[in-house]
A.B. asks: 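What follows is a single structure, and I will ask about it in a moment.
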Number of protein chains: 2
Amino acid sequence: MQNQHPTENNDPVTITLTDRLFDTLQRAIVEGEIQSGSKISEPELARQHGVSRGSLREAIGRLEARKLVERKPNLGARVVTLSYEQLIEIYQVREALEGMAARLAAQNMSDREIAELQTLLNQHGRQIEEVHGEAYFQKQGDLDFHYRIVQGSKNRHLIGLLCNDLYHLLRMYRFQFGMRSKRSGQAYDEHHYLLNAISARDPEMAELLMRQHIRSSRRNVERMLLEN
Amino acid sequence: MQNQHPTENNDPVTITLTDRLFDTLQRAIVEGEIQSGSKISEPELARQHGVSRGSLREAIGRLEARKLVERKPNLGARVVTLSYEQLIEIYQVREALEGMAARLAAQNMSDREIAELQTLLNQHGRQIEEVHGEAYFQKQGDLDFHYRIVQGSKNRHLIGLLCNDLYHLLRMYRFQFGMRSKRSGQAYDEHHYLLNAISARDPEMAELLMRQHIRSSRRNVERMLLEN
DNA sequence: AAACCAAATATTGTCGACACATTTAGAGTT
DNA sequence: AACTCTAAATGTGTCGACAATATTTGGTTT
């Protein structure tokens, strides 16, 4: 019910050095450029990026808050080591949060947003027919879809938790474990059902379907990792 | 199913200056000592605490990550302003996360932990009979109870999200809005039902009851705030 | 007096340097 | 050769100073 200005652009657009550093490092870590589990040397990184240690430390602090690095006093920071257990934990949190997001989206998304999401989903459908088995587009599409629903919840806390924290960690796992979904068709169907529930403004059903969708995805990941 | 050492105390116990600063400031903000919405002046705070601005800035960074302050480049940091809408958002996130925590606790808590929780709950029952209407102990007790269940989920992500981030924000609202529950008896009953479900190892029921419990709590808060 | 502009002041962003802790390298003993 | 102890070297925690950006002050114009 809260109305927000279509152009709420009263934020200053100033990008600080620490901001850029943070973005750069986050990308490097997520994409495995800086190896998982490796130690982060402040002097070395500072020199590489031509920046002072102070700014770097602030950036590392943010990375720590997003659980991409772990820090121990006087010992320094290490990139988190990915583990099967932690991945399961993330999926459990995702199930809870995105389930709630879907519930809220069914209540709070505008008709226009729903229509746009429908359009997006149709595009995905066509892409799946064209590139049969190519998983890259689907993964991207999957993320887009979830992203929009989370935004549609209109709950800023939820949005921050998912889009700022969890999704980056998830992307990190995808990169490093090379997770490709073998079930693009089924995922597409599940997205379709979910969108129907949202269109029908049925919060209960939307949450249920989202949780099932994420559980399926998790089971898929479990199978894939046990194969290796 | 993951077993963890009973004494996993391989962390260094070194407390850095920034750590202490962070704890102090967090407490000051939560308890309203530093007024909600007020600007945080780095030079002034640094002088007050006899510490350099660098350390202070790291502490402020952590406060920002926990959403206790908001920072804008070149403009500085302000303590978050509490709003009714944001409180509702927090309760929605809580419902999702703690619901999942209860579900997992029903699966993962040890029999011993469950027994201890039972003992704790019995104490609460006696306190309610003794101090009829005094809400302070109940609030503390309510937090204890929820805290233990979250720990019982054994999901470190979940634990971090709730105990490190959300609960402090919640306590801030309690302090500043002077939220006292007028339903200590009912809350106690709900805790009882929930613990029964956990004892019975019924995850589905545990999640359901926890979500209802939090929804009731939220409705209570809504009524209370609309009265003023 | 209200509104605008410019200099002065204060605050934040960034940096380099020092103090202390940890790790590594090397000498000495068995 | 393996071990222990000490000293050098490296790395993190903390600080004070400078540069760039906001805010305030005070004067000028209408």
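Naming convention: chains lettered A, B, ... in sequence-line order (proteins, then strands); numbering from 1 in each chain. Below, all heavy atoms of this structure are taken into account, side chains as well, without hydrogens, waters or symmetry copies.
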A.B. asks: Is there a side-chain contact between I198(B) and I149(B) in this structure, where contact means two heavy atoms from C-beta onward sitting under 4.5 Å apart?
C.D. replies: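 Heavy-atom side-chain distance check passes, below 4.5 Å.
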A.B. asks: Who passes side-chain hydrogen bond (donor to acceptor under 3.5 Å, both in side chains) against R71(A), sequence neighbours left out?
C.D. replies: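 Scan of R71(A) (side-chain hydrogen bond (donor to acceptor under 3.5 Å, both in side chains), adjacent residues dropped) gives none.
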A.B. asks: Select one nucleotide: of dC15(D), dT11(C), dC15(C), the one nearest the side-chain heavy atoms of L17(B).
C.D. replies: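 Nearest to the side chain of L17(B) among the choices is dC15(D).
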A.B. asks: Using OP1 and OP2 only, check whether a side-chain N or O of K39(B) sits under 4.0 Å from dT12(C).
C.D. replies: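 Yes, within the criterion.
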A.B. asks: Between T16(B) and dT14(D), does any side-chain N or O lie under 4.0 Å from OP1 or OP2?
C.D. replies: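 For T16(B), the contact criterion (side-chain N or O under 4.0 Å from OP1 or OP2 of dT14(D)) is met.
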A.B. asks: With a 4.5 Å heavy-atom cut-off, do L158(A) and E98(A) have their side chains touching?
C.D. replies: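 Answer no - side chains too far apart.
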A.B. asks: Report yes if some heavy atom in the side chain of Q92(B) is under 4.5 Å from a heavy atom in the side chain of L104(A); otherwise report no.
C.D. replies: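 Touching, per the 4.5 Å side-chain cut-off.
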A.B. asks: In whole angstrom, give the distance that lies between atom CG of L75(A) and atom P of dA21(C).
C.D. replies: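 Checked: the CG to P distance equals 13 Å.
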A.B. asks: Taking OP1 and OP2 of dT14(D), is either one under 4.0 Å from a side-chain nitrogen or oxygen of T18(B)?
C.D. replies: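 Answer yes for this pair, as a side-chain N or O of T18(B) is under 4.0 Å from OP1 or OP2.
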A.B. asks: Out of I40(B), L25(B), L68(B), L63(B), which one pairs with V79(B) under the side chain to side chain contact (heavy atoms under 4.5 Å, CB included) rule?
C.D. replies: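 Answer to the side chain to side chain contact (heavy atoms under 4.5 Å, CB included) test with V79(B) among I40(B), L25(B), L68(B), L63(B): I40(B).
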A.B. asks: Near DNA chain D, under 4.0 Å by heavy atom, which residues of residues 55-68 of chain B?
C.D. replies: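 Result for residues 55-68 of chain B: S55(B), sorted by number.
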A.B. asks: Distance check: side-chain N/O of S52(B) vs OP1/OP2 of dT14(D), anything under 4.0 Å?
C.D. replies: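 Checking dT14(D) against S52(B), no side-chain N or O comes under 4.0 Å of OP1 or OP2.
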A.B. asks: Side chains of D142(A) and H191(A): is there a donor and an acceptor less than 3.5 Å apart?
C.D. replies: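 A donor-acceptor contact under 3.5 Å links the two side chains.
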A.B. asks: Below 3.5 Å, does any donor atom in the side chain of R53(A) face an acceptor in the base of dG11(D), or the other way round?
C.D. replies: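 No, no donor-acceptor pair under 3.5 Å.
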A.B. asks: Would you mind telling me which of dT21(D), dT11(C), dC15(D) lies closest to the side-chain atoms of P43(B)?
C.D. replies: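 When the side chain of P43(B) is considered, dT11(C) is the closest of dT21(D), dT11(C), dC15(D).
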A.B. asks: Inspect the contact between E89(A) and R156(B) and indicate whether a charged nitrogen and a carboxylate oxygen are less than 4.0 angstrom apart.
C.D. replies: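 Yes, R156(B) and E89(A) are salt-bridged.
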A.B. asks: Just to be sure I understand the geometry, which residues of residues 20-27 of chain B put a non-hydrogen atom under 4.0 Å away from DNA chain D?
C.D. replies: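 Contacts with DNA chain D under 4.0 Å: none.
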A.B. asks: Does R62(B) reach the side chain of T18(B), with side-chain heavy atoms less than 4.5 Å apart?
C.D. replies: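 In contact.
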A.B. asks: Give a yes or no on whether E31(B) atom CD has more than 12 heavy-atom contacts from other residues, nucleotides or ligands under 6.0 Å away.
C.D. replies: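 More than 12 within 6.0 Å, yes.
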